Engineer: 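Dropping the structure in here first, questions after.
As the structure lists them, so they are numbered: ligands from 1, and atoms in each ligand from 1. The structure presented is a predicted model; accordingly, all values stated were derived computationally and were not measured.
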Amino acid sequence: MMNIKANLEQLKERIPEHVELVAVSKTKPAHMVRELFEAGHLDFGENKVQELVEKQQELPGEIRWHMIGHLQSNKVKYIAPFVHLVHGVDSLKLLRVLDKEGRKNERQINCLLQMHIAKETAKFGLSEEELETILASEEFRKMEFVKVRGLMGMATFTDNSEVVREEFRNLKRIFEKLKSVHFRSQPGFSVLSMGMSDDYQLAIEEGSNMIRVGSLVFGPRETT
Ligand SMILES: *Cc1c(COP(=O)(O)O)cnc(C)c1O
């Protein structure tokens, strides 16, 4: 039998203290999340709204839920009351809806802008140009109920670690640029979410301070 608590402990020993670990529980049953929560872990990630909402309802309210998958605007309302951090924001339209739902729920919704750093065209995310356009827009600057806390990215799915490293390095460069220019007066812009089970070590070497790890903790998934 797999010991997910031991997996988590081992992983935590291998990552520096300044790196936050989001345990990605997608497709895994709620009792596994509860087991890690009872062992003291608070941050969990899901990529589907329905599954996220179901687990949130079933599990303790102290859990910090991260929405790591692509989020459709029409589903924001289901997670707006409780979500801790939305990782995959890649349009002004989605920011607009998050702002609106944040206002309705009288809370600020924290999010990360997802950058397109991989070679594959299929992956979601913004280009640097699209990012600049959003940040420069009057509409974005007026938003009060959505807070951009940093950036997120996914590297190309490849065994070539040099390709992956280069992509992470590029994301870190963009992150640093934003930190020193657009978000200079906002210390809350501080999260760089990059790295998964297969590439978290590379990601940390290249400056990640938040990793999203699923299979290494919970074991392989049957679907996805
Ligand atoms: C599934 C998923 C992860 C975790 O993947 P593992 O390879 O199992 O660690 C991380 N980030 C996102 C966006 C995911 O969808």
Engineer: Report the residues that fulfil side-chain contact (heavy atoms from CB on, under 4.5 Å) with K100, sequence neighbours left out, ordered by chain and then residue number.
Structural biologist: K104
Engineer: Ring-plane angle category for F44 and W65, please: parallel below 30°, perpendicular beyond 60°, tilted otherwise.
Structural biologist: tilted
Engineer: Is the closest side-chain donor-acceptor distance between H182 and E132 under 3.5 Å?
Structural biologist: yes
Engineer: Between H87 and S193, do the side chains contain an N or O donor and an N or O acceptor separated by less than 3.5 Å?
Structural biologist: yes
Engineer: Of all the atoms in ligand 1, which lie at a distance below 4.0 Å from a heavy atom belonging to V213?
Structural biologist: 9 (O)
Engineer: Show the atoms of ligand 1 that are less than 4.0 angstrom away from any heavy atom in G214.
Structural biologist: 4 (C), 6 (P), 8 (O), 9 (O)
Engineer: Counting heavy atoms only, name the option from I68, V217, N47 that's nearest to atom 13 (C) of ligand 1.
Structural biologist: I68
Engineer: Do E54 and Q50 have a side chain donor and acceptor closer than 3.5 Å?
Structural biologist: yes
Engineer: We want to know whether K12 and H41 form a side-chain donor-acceptor pair, criterion being a heavy-atom distance below 3.5 angstrom.
Structural biologist: yes
Engineer: Please enumerate all residues that pass salt bridge (Lys or Arg N to Asp or Glu O under 4.0 Å) together with E106, with sequence neighbours excluded.
Structural biologist: none
Engineer: If the cut-off is 4.0 Å to any non-hydrogen atom of S197, which atoms of ligand 1 fall inside it?
Structural biologist: 6 (P), 7 (O), 8 (O), 9 (O)
Engineer: Is the shortest distance from a heavy atom of D198 to ligand 1 less than 4.0 Å?
Structural biologist: no
Engineer: May I ask you to check whether R221 has an N/O atom sitting below 3.5 Å from an N/O atom of ligand 1?
Structural biologist: yes
Engineer: Measure the distances from the heavy atoms of L216 to every atom of ligand 1 and state whether one is below 4.0 angstrom.
Structural biologist: no
Engineer: Side chain, backbone, both or neither: which part of H87 comes within less than 4.0 Å of ligand 1 when only heavy atoms are counted?
Structural biologist: neither
Engineer: What atoms of ligand 1 come closer than 4.0 angstrom to any heavy atom of R212?
Structural biologist: 4 (C), 9 (O), 10 (C), 11 (N), 12 (C), 13 (C)
